[in-house]
Amino acid sequence: MGESMKQKWFGLLLALAVANTIAGCSHPRSNSGQSKVDRSSGSRPAEQLGDRVWGIACLSVASAREQPEHKAEMATQVLMGNTVRVLKGSRIWYYVETGDGYRAWLEKGTFVRCTHEQVEAWNRSPLLIVTAFEERILGQPNPGAQPVSDVVVGDLLKKSGEENDWFKVELPDGRAGWLLKEAAEDYAAWKKSRQPTPENVEHAARLFLGRPYLWGGNSPKGLDCSGLTKMVFFMNGIDLRRNASDQAAQGREVPLDRNLSRVKKGDLLFFGAPARQGKPERVFHVGIYLGEKLFIQSSERVQISSLDPNSPIRDEHRIRSLLRARRILPDS
């Protein structure tokens, strides 16, 4: 192989490596904030939605995809009991908008379609929030009973009764079962009890250590970078947007210097490519600052890394690509 051909191949491989490295957690977005991918359902006939233009996720984690097919890229996940707006459908796949404005395709059976009145009734019902990372709803209040469904932290269920150590619960699609009381709390009381402090944010983030990276994931089953930050702040009573690039517009700017002297525990760190040669800044990764140049991120897995070049757990790519910091937490 000639030298010029070697250089061409090297350049191509380098470009591919960089593209894979910086892909991060920010999916392509349009100026309106929704996913750029808004493809029709092909030859499948469109369904008349009528007044059932809302939906409630009925699986522990409903996977929403960029296109109406299983092999398509996962865009985001909708946790059980959370609502979506149904925009169009074709018997099998429905194009929905999540509560945080993300648009993607959900498969029939992963959510139950309903009217606005039914959504309002669900939201007014005595809801429980699952606080255990993973648990099972069982057919009887007995640890040996057959399971009805799995649940994960953040799922919402309707409480319909209780017996000894068990809540009797109802899922959005009408299935019913029993959940251990230690795995859930009253949702309204839980929301009032949130205390978004730097220490609580760090505690919540560390609970996910070792969990796998999953593009589009925002549950304990797997998280991308912005899925981790969104879940951690949700557990502290703060709603973040879905993508790193959108989260970078929330909160207040924190000036950066070489020693990160003004960045505090709980601040969000954003990474990417700075604006240059007429091209805008690109944010494609986010992590949570822990102090002492340490931060927690979902990259390969949820792990703690360092921005100190001399640290054994340094992340050299993030050191080079740090763009900005934002403060989401209220000032103490």
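- For the salt bridge (Lys or Arg N to Asp or Glu O under 4.0 Å) test, no residue two or more places apart in sequence or in another chain qualifies with Glu199.
- In terms of the ring pair (Phe, Tyr, Trp, His ring centres under 6.0 Å) criterion, residue partners of Phe271 (sequence neighbours excluded) are, by chain and number, His285, Phe295.
- Under the ring pair (Phe, Tyr, Trp, His ring centres under 6.0 Å) criterion, Trp122 pairs with no residue at all, not counting sequence neighbours.
- Two residues are said to be in side-chain contact when any heavy atoms from C-beta on lie closer than 4.5 Å; Asn123 and Val119 meet this criterion.
- Using a 4.5 Å cut-off between side-chain heavy atoms of Ile, Leu, Val, Met, Phe, Trp and Tyr, with links allowed through other members, Val201 and Val286 fall into the same hydrophobic cluster.
- One finds a salt bridge joining Glu202 and Lys265 here, because a Lys/Arg side-chain nitrogen approaches an Asp/Glu carboxylate oxygen to under 4.0 Å.
- How far SG of Cys225 is from CD1 of Ile296: 13.0 Å, rounded to the nearest 0.5 Å.
- In His116, the NE2 atom is crowded: over 12 heavy atoms of neighbouring residues, nucleotides or ligands sit closer than 6.0 Å.
- In terms of heavy atoms, Val232 sits closest to Ala204 at CG1-CB, 4.1 Å.
- Hydrophobic clustering of Ile, Leu, Val, Met, Phe, Trp and Tyr side chains at less than 4.5 Å, counting indirect connections, unites Val283 with Ile288.
- Note: Phe111 and Tyr94 meet the aromatic proximity criterion, with ring centroids under 6.0 Å apart.
- Look at Glu73 and Arg65 and you find no salt bridge, because none of the NZ, NE, NH1 or NH2 atoms lies under 4.0 Å from a carboxylate O.
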Take Phe208 and Phe133 through the ring-ring contact (aromatic ring centres under 6.0 Å, His included) test and state the conclusion after the steps.
CA-CA 9 Å; Phe208 292 93; Phe133 263 45; 4.8 Å; yes

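- Residues Leu127 and Leu179 fall into different hydrophobic clusters, defined by Ile, Leu, Val, Met, Phe, Trp and Tyr side chains chained together at heavy-atom separations under 4.5 Å.
- Salt bridge annotation for Lys159-Asp186: absent, with no cationic side-chain nitrogen under 4.0 angstrom from a carboxylate oxygen.
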Please evaluate residues Lys168 and Glu163 with respect to the criterion salt bridge (charged side-chain N to carboxylate O under 4.0 Å, His left out), reporting the C-alpha separation (whole Å), side-chain torsions for both, the decisive distance (0.1 Å), and the verdict.
CA-CA 7 Å; Lys168 189 175 184 180; Glu163 180 179 310; over 6 Å; no

Before giving the answer on side chain to side chain donor-acceptor pair (under 3.5 Å), spell out for Ser226 and Arg242 the whole-Å C-alpha distance, their side-chain angles and the decisive distance to 0.1 Å.
CA-CA 6 Å; Ser226 53; Arg242 180 60 185 90; 3.0 Å; yes

Side-chain donor-acceptor pairs under 3.5 Å in residues 323-330, sequence neighbours left out?
{"from": "Arg324", "atom 1": "NE", "to": "Glu281", "atom 2": "OE1", "distance (Å)": "3.4"}
{"from": "Arg324", "atom 1": "NH1", "to": "Ala248", "atom 2": "O", "distance (Å)": "3.3"}
{"from": "Arg324", "atom 1": "NH2", "to": "Glu281", "atom 2": "OE1", "distance (Å)": "2.6"}
{"from": "Arg326", "atom 1": "NE", "to": "Ala248", "atom 2": "O", "distance (Å)": "3.3"}
{"from": "Arg326", "atom 1": "NE", "to": "Gln250", "atom 2": "O", "distance (Å)": "2.8"}
{"from": "Arg326", "atom 1": "NH1", "to": "Glu253", "atom 2": "OE1", "distance (Å)": "2.6"}
{"from": "Arg326", "atom 1": "NH2", "to": "Gln250", "atom 2": "O", "distance (Å)": "3.3"}
{"from": "Arg326", "atom 1": "NH2", "to": "Gly251", "atom 2": "O", "distance (Å)": "2.8"}
{"from": "Arg327", "atom 1": "NE", "to": "Asp267", "atom 2": "OD1", "distance (Å)": "2.9"}
{"from": "Arg327", "atom 1": "NE", "to": "Asp267", "atom 2": "OD2", "distance (Å)": "3.3"}
{"from": "Arg327", "atom 1": "NH2", "to": "Arg262", "atom 2": "O", "distance (Å)": "2.9"}
{"from": "Arg327", "atom 1": "NH2", "to": "Asp267", "atom 2": "OD2", "distance (Å)": "2.8"}

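- In the hydrophobic clustering of ILVMFWY residues, with side-chain heavy atoms under 4.5 Å counting as a link, Leu290 and Leu223 come out together.
- Under the side chain to side chain donor-acceptor pair (under 3.5 Å) criterion, Arg241 pairs with no residue at all, not counting sequence neighbours.
- With a 4.5 Å cut-off on side-chain heavy atoms, Asn164 and Lys181 do not count as touching.
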Show your working on ring-ring contact (aromatic ring centres under 6.0 Å, His included) between Trp105 and His70 and close with a plain yes or no.
CA-CA 10 Å; Trp105 294 88; His70 286 293; over 10 Å; no

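- Under the side chain to side chain donor-acceptor pair (under 3.5 Å) criterion, Lys264 pairs with no residue, sequence neighbours left out.
- Among residues two or more places apart in sequence or in another chain, the salt bridge (Lys or Arg N to Asp or Glu O under 4.0 Å) test is passed with Arg211 by Glu134.
- Two residues are said to be in side-chain contact when any heavy atoms from C-beta on lie closer than 4.5 Å; Asp155 and Ile129 fail this criterion.
- Cluster membership check: Met235 shares its hydrophobic cluster with Val78, using side-chain heavy-atom separations under 4.5 Å among Ile, Leu, Val, Met, Phe, Trp and Tyr.
- Two residues are said to be in side-chain contact when any heavy atoms from C-beta on lie closer than 4.5 Å; Leu322 and Phe270 fail this criterion.
- For residues 178-200, every residue pair satisfying the ring-ring contact (aromatic ring centres under 6.0 Å, His included) rule, not counting sequence neighbours, is listed here: Trp190-Phe234.
- A search for salt bridge (Lys or Arg N to Asp or Glu O under 4.0 Å) contacts involving Asp257 returns nothing, not counting sequence neighbours.
- Residues Arg103 and Tyr95 meet the side-chain proximity criterion, which asks for heavy atoms closer than 4.5 Å.
- When the side chain to side chain donor-acceptor pair (under 3.5 Å) test is applied to Asn236, no partner is found at least two apart in sequence or on another chain.
- Here Arg52 pairs with nothing under the side chain to side chain donor-acceptor pair (under 3.5 Å) rule; sequence neighbours left out.
- Residues Ile238 and Pro196 share a closest heavy-atom pair of CD1-CB, 3.7 Å.
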Output side-chain donor-acceptor pairs under 3.5 Å for residues 138-152, partner residues at least two apart or in another chain, one line each.
{"from": "Asn142", "atom 1": "OD1", "to": "Gly144", "atom 2": "N", "distance (Å)": "2.9"}
{"from": "Asp150", "atom 1": "OD1", "to": "Ser60", "atom 2": "OG", "distance (Å)": "3.1"}
{"from": "Asp150", "atom 1": "OD2", "to": "Ser60", "atom 2": "OG", "distance (Å)": "2.9"}
{"from": "Asp150", "atom 1": "OD2", "to": "Lys221", "atom 2": "NZ", "distance (Å)": "2.9"}

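- Remark: Asp100 engages Lys230 in a salt bridge, criterion side-chain N to carboxylate O under 4.0 Å.
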